[in-house]
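Chain identifiers are assigned alphabetically (A, B, ...) following the order of the sequence lines, protein sequences preceding nucleic acid strands; residue numbering begins at 1 within each chain.
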Amino acid sequence: MGRRYRTLRGFRDILPGETEHWQAFEQRCRELFARYGFREIRPPLVEPTELFVRSVGEQTDIVGKEMFTFGEGDESMTLRPEVTASVCRAYIEHGLDRRGAGRLWYLGPCFRRERPQKGRYRQFHQVGMEVFGEREPATDLEALALALDVVRAAGIDDARLVVNSIGDEACRPAYRARLVAFLEQVADRLGEDSRRRLHTNPLRVLDSKDEQEQALFAEAPRITDALCDACRAHHDAVRDGLARLGIPYEEDPRLVRGLDYYVRTTFEVRATRGLGAQNAVLGGGRYDGLVRALGGPDVPGLGWAAGIERLLLAGGVLDEPAAARLDVYVVTLGASPPETLALVQALRAEGLAAGWDPGGHGLGGQMKRAGRSGARFAVLLGDDERARGTSTIKDLASGEQFEGPGDPGAIAALVRSRISGEGAAT
RNA sequence: GUGGGCGUAGCUCAGCGGUAGAGCCCCUGACUGUGGAUCAGGUGGUCGUCGGUUCAAAUCCGAUCGCCCACCCCA
C-alpha cells in the first residue's frame, strides 16, 4: 500500500456520494446569482505571478509563502490563490466597464501551499462575486444580502454576519500611526506573533486570540472612532440599511481583512458549528482603488468569496453521503444483452435514468443489482410479458408490482407520472 | 513554518513480543419468474516506510512519510 500512488498532501478526491452535494449547491448558487443579476466569469487558473503580488500585497502570507509558482522572471506564473485579482485583470483586459458587465460571479478551484486543516486544502474551491463601478453603500447592502443567501444555500442556518469599516486612504494612515504608537508602548507585553505583526499588519494585531493581549487592547484606539466624514457616512448608511432590511449583524472593530486592497466596508460570515476554532466561511469587502492600481480605470469595486469545502462542512451537507439514484432498472429473462440494452437505450431516450445488468445474471441476481442501484422501479421483461406485449413493473420501495405497457414511451410516461405524483425529484 | 494526536483489509476497528483478526462492504452460489432477509463459500493486508533491539516485532526504540487537530494566515 505504501507504494501505491496517492493524492499529494493537501489534495483530495471528491467522490460519488459527495459530488452530488456539490452539484446541488452549485446549482443553487447559479440560480441565486442569476436572480441578483450577476453573470458568471471563468478566468484561467494560472496568472502572471506579478498580478497576485500587486493585488494581494507583497507582505501577506499568501504571497510570501503560500503560492504555487512556476517559471522565472517575466515568465513567472502562479496558480491562483484567490480569484479577485483574476477578475479585475479580466475586467480591465476586456474593457468590461464599457460592456455593462459590472456584476460578476465565479466558482472554481484555488491553490494555496499551506498546511492542511479541517476543511482547508491546498486545492480548495471558492465561490464569490465582484461588483465594479458601484460606489453607493446600497451596493454593499445588496452584496451582503446575496452573501447570506449563498451561505444559507449551503445549509448553514446559524450564520452570523459581522461588519466593520477600516476607512480609506484619507483616514486609515493616521489611524494606523496612532495604533502603532499605542502598540509600541505595550510592545514588551506582546507575544512574538503580535510584535511581528505590529510592523507587517498592525490592524491585525487587535485580532489576537491571546486573552492577556486582549486585556491590553481595551485602551487601544478604534478604527471606527477614527473614520473620516466620507467613510463615516458610508459606514452609517450600510448599518442603517441592514437594520432597515431586517438583516441581523454584529459590529466588530477588530475585523480586519488580511489582504491589502480593502477599504471601508469589510465583512465576514461566521458559522458556529462544524469548523472548530476557525469559523469564518465567507469574507469580503470594498476595494475601490484596486482596479486602478492594476492599471485599469478608476472604478470602485466590492466583492466576497467563500470556501466551498468549509461551507458544506458547516452546513452539515456532507454528513450523509448521497445515494445512487436511477428511475428504472431493466430486468430481462430470455433476452440477449443487446436486446436488453436496446430497451434501456429507448428508455434513456425518453429521459429516464435507466440501469441494467450486462453481466448475464439470473433473475435473482438482476433484482439484487436493481435494488442496489438505487432504482425507483424495476421493469421486468420475460417470456410471459413478451407474449402479451406488456411489461411487469415493480416499485422497489414498496414491493408493489403491476402490469405495465410494453412500449418504452408508454413505460416512461407511466414511471414519470408515478414519480411526480409522489412529488419525488428524479 | 511550529506544536500535539494517530497510521492494521475498500470502510469502522480489535490485537500491543510467539504463525494477521472481527463487523460492514464486495464477489460467487442456493436463484431462468422476483431485490432489500437468510444460509454456504470466497477475494482482499510484506500491520505507512526504512533502520535498530530480540531466538522471535503489527507489538519495543529511532528516523522518515502521510493523515487529523490546533497555531500562524486566510475562505
Side-chain angles (χ1 to χ4, degrees), chain A residues 1-4 6-12 15 17 56-57 59-66 81-84 107 109-121 124-128 147 150-151 154 191-194 196-197 200-201 204 207-210 256-259 267-271 275-285 303-314 321 329 331-335 357 359-385 392-401:
Chain A
M1 188 162 78
R3 302 181 61 174
R4 283 197 235 166
R6 45 184 308 155
T7 52
L8 294 165
R9 155 181 274 194
F11 292 82
R12 62 190 285 268
L15 299 174
V56 175
Q59 295 301 316
T60 59
D61 270 34
I62 294 181
V63 168
K65 61 182 192 189
E66 295 179 1
E82 54 115 47
V83 189
T84 298
L107 187 156
C110 295
F111 303 84
R112 287 185 198 174
R113 196 187 184 105
E114 61 182 341
R115 194 82 167 254
Q117 251 185 93
K118 191 174 185 68
R120 305 174 66 175
Y121 303 92
F124 59 106
H125 297 77
Q126 282 198 335
V127 56
V150 167
V151 168
E192 191 182 331
D193 287 333
S194 291
R196 176 173 46 78
R197 279 190 287 190
T200 57
N201 192 348
R204 189 100 207 153
D207 203 21
S208 164
K209 293 188 174 67
D210 187 308
V256 177
R257 309 263 80 222
L259 279 42
F267 53 89
E268 209 167 82
V269 177
R270 296 174 187 161
L275 291 175
Q278 273 133 69
N279 56 6
V281 293
L282 178 150
W304 52 253
I308 298 179
E309 284 83 357
R310 291 163 59 72
L311 278 176
L312 297 182
L313 263 181
Y329 195 96
V331 173
T332 59
L333 285 174
D357 172 29
H361 292 90
L363 183 65
Q366 291 183 64
M367 286 304 293
K368 188 174 287 188
R369 284 166 175 72
R372 249 192 317 237
S373 73
R376 188 70 182 76
F377 295 96
V379 175
L380 281 82
L381 204 68
D383 295 332
D384 298 348
E385 286 82 0
T392 297
I393 296 179
K394 180 165 186 174
D395 183 327
L396 290 170
S398 68
E400 179 202 357
Q401 183 167 303

Exercise. What about A:Arg204: does its side chain form a donor-acceptor pair under 3.5 Å with the base of B:rC72?
Worked result: no
Exercise. Is A:His361 near enough to B:rU28 that one of its side-chain N or O atoms lies under 4.0 angstrom from OP1 or OP2?
Worked result: yes
Seminar exercise, completed: Against the side chain of A:Phe124, the closest entry in B:rA75, B:rU28, B:rC73 is B:rA75
What nitrogen or oxygen pairs link the protein and nucleotides 2-5 of chain B at under 3.5 Å?
residue: B:rU2; atom: O4; partner: A:Arg115; partner atom: NH1; Å: 2.9

Problem set entry | Gap in Å between the two C1' atoms, one belonging to B:rG10 and one to B:rG4, rounded | 29 Å
Exercise. Taking any strand in view, what nucleotide pairs with B:rC60 in a Watson-Crick or G-U wobble way, both distances under 3.5 Å?
Worked result: B:rG52
Exercise. What is the distance, rounded to the nearest whole Å, between atom CD1 of A:Ile62 and atom P of B:rG1?
Worked result: 18 Å
For this session: Determine the interatomic distance between P on B:rU28 and the same-named atom on B:rG44; round to the nearest Å.
Result: 16 Å
Problem set entry | Intermediate values then yes/no, side-chain contact (heavy atoms from CB on, under 4.5 Å), A:Glu82 and A:Arg112 | CA-CA 9 Å; A:Glu82 54 115 47; A:Arg112 287 185 198 174; 3.9 Å; yes
For this session: Would you mind reading off the distance between A:Glu309 atom CD and B:rC74 atom P, rounded to a whole angstrom?
Result: 19 Å
Exercise. Does B:rG1 pair with anything, Watson-Crick or G-U wobble, both distances under 3.5 Å, and if so, with which nucleotide?
Worked result: B:rC71
Exercise. Expressed in angstrom and rounded to an integer, what is the separation of A:Phe267 atom CZ from B:rC74 atom P?
Worked result: 16 Å
For this session: Check A:Arg115, A:Glu114, A:Arg120 against A:Gln117 for a side chain to side chain contact (heavy atoms under 4.5 Å, CB included) and give me the one that passes.
Result: A:Arg120
Problem set entry | Same-atom distance (C1') from B:rC55 to B:rG17, integer angstrom | 12 Å
Seminar exercise, completed: A:Arg112 CZ to B:rA75 C1', in whole Å, measures 6 Å
Problem set entry | Sequence-aligned protein contact record of nucleotides 33-40 of chain B, with B where the base is within under 4.0 Å of a protein heavy atom and S where only the sugar-phosphate is | BBBB----
For this session: Let me know the distance between CD of A:Glu268 and P of B:rC74, rounded to the nearest Å.
Result: 10 Å
Exercise. Roughly how far apart, to the nearest Å, are B:rG23 and B:rC61 at atom C1'?
Worked result: 33 Å
For this session: Quick one: label A:Gly360 by what it contacts on the DNA or RNA (base, sugar-phosphate, nothing), any heavy atom closer than 4.0 Å.
Result: nothing
For this session: Give a yes/no answer on whether the side chain of A:Arg197 brings an N or O atom under 4.0 Å of OP1 or OP2 in B:rC73.
Result: yes
For this session: May I have the distance from A:Arg310 (atom CZ) to B:rA75 (atom C1'), rounded to whole angstrom?
Result: 6 Å
For this session: Report yes if a donor N or O on one partner sits less than 3.5 Å from an acceptor N or O on the other, where the partners are the side chain of A:Gln117 and the base of B:rA75; otherwise report no.
Result: no
Exercise. Tell me, do A:Lys394 and A:Phe377 make a side-chain contact under 4.5 Å, heavy atoms counted?
Worked result: no
Exercise. Which whole-number value in Å describes the distance from A:Leu107 CG to B:rA75 P?
Worked result: 16 Å
Exercise. What integer number of Å spans the C1' atoms of B:rC24 and B:rA63?
Worked result: 36 Å
Exercise. If you look at every heavy atom in A:Tyr121 and A:Gly10, which pair is closest and at what distance?
Worked result: CB-O, 3.1 Å
Exercise. Just by distance, do the side chain of A:Arg310 and the backbone of A:Val281 share a donor-acceptor pair under 3.5 Å?
Worked result: no
For this session: Ignoring hydrogens and angles, tell me if any N or O in the side chain of A:Gln126 forms a donor-acceptor pair with the backbone of A:Ile308 under 3.5 Å.
Result: no
Problem set entry | Phosphate-side-chain proximity, A:Arg9 and B:rG66, N/O vs OP1/OP2 below 4.0 Å | yes
Seminar exercise, completed: Smallest heavy-atom separation, A:Pro81 atom then A:Phe124 atom, equals O-CZ, 3.7 Å
Seminar exercise, completed: In terms of heavy-atom contacts, A:Val83 and A:Cys110 come closest through CG2-SG, 3.5 Å
Exercise. Donor-acceptor pair, A:Gln366 side chain versus A:Thr332 backbone, under 3.5 Å?
Worked result: yes
Exercise. Expressed in whole Å, how much space separates the C1' atoms belonging to B:rA58 and B:rC13?
Worked result: 14 Å
Problem set entry | Separation of the P atoms in B:rC72 and B:rC60, to the nearest angstrom | 34 Å
For this session: Kindly indicate whether the side chain of A:Trp304, heavy atoms from C-beta on, has any atom under 4.5 Å from the side chain of A:Val150.
Result: yes
Exercise. Tell me, do A:Leu363 and A:Val331 make a side-chain contact under 4.5 Å, heavy atoms counted?
Worked result: yes
Exercise. What distance, rounded to whole Å, do you find between the two C1' atoms, one in B:rG15 and one in B:rU2?
Worked result: 35 Å
For this session: Can you tell me the distance, in whole Å, between the CG atom of A:Asn279 and the C1' atom of B:rC74?
Result: 12 Å
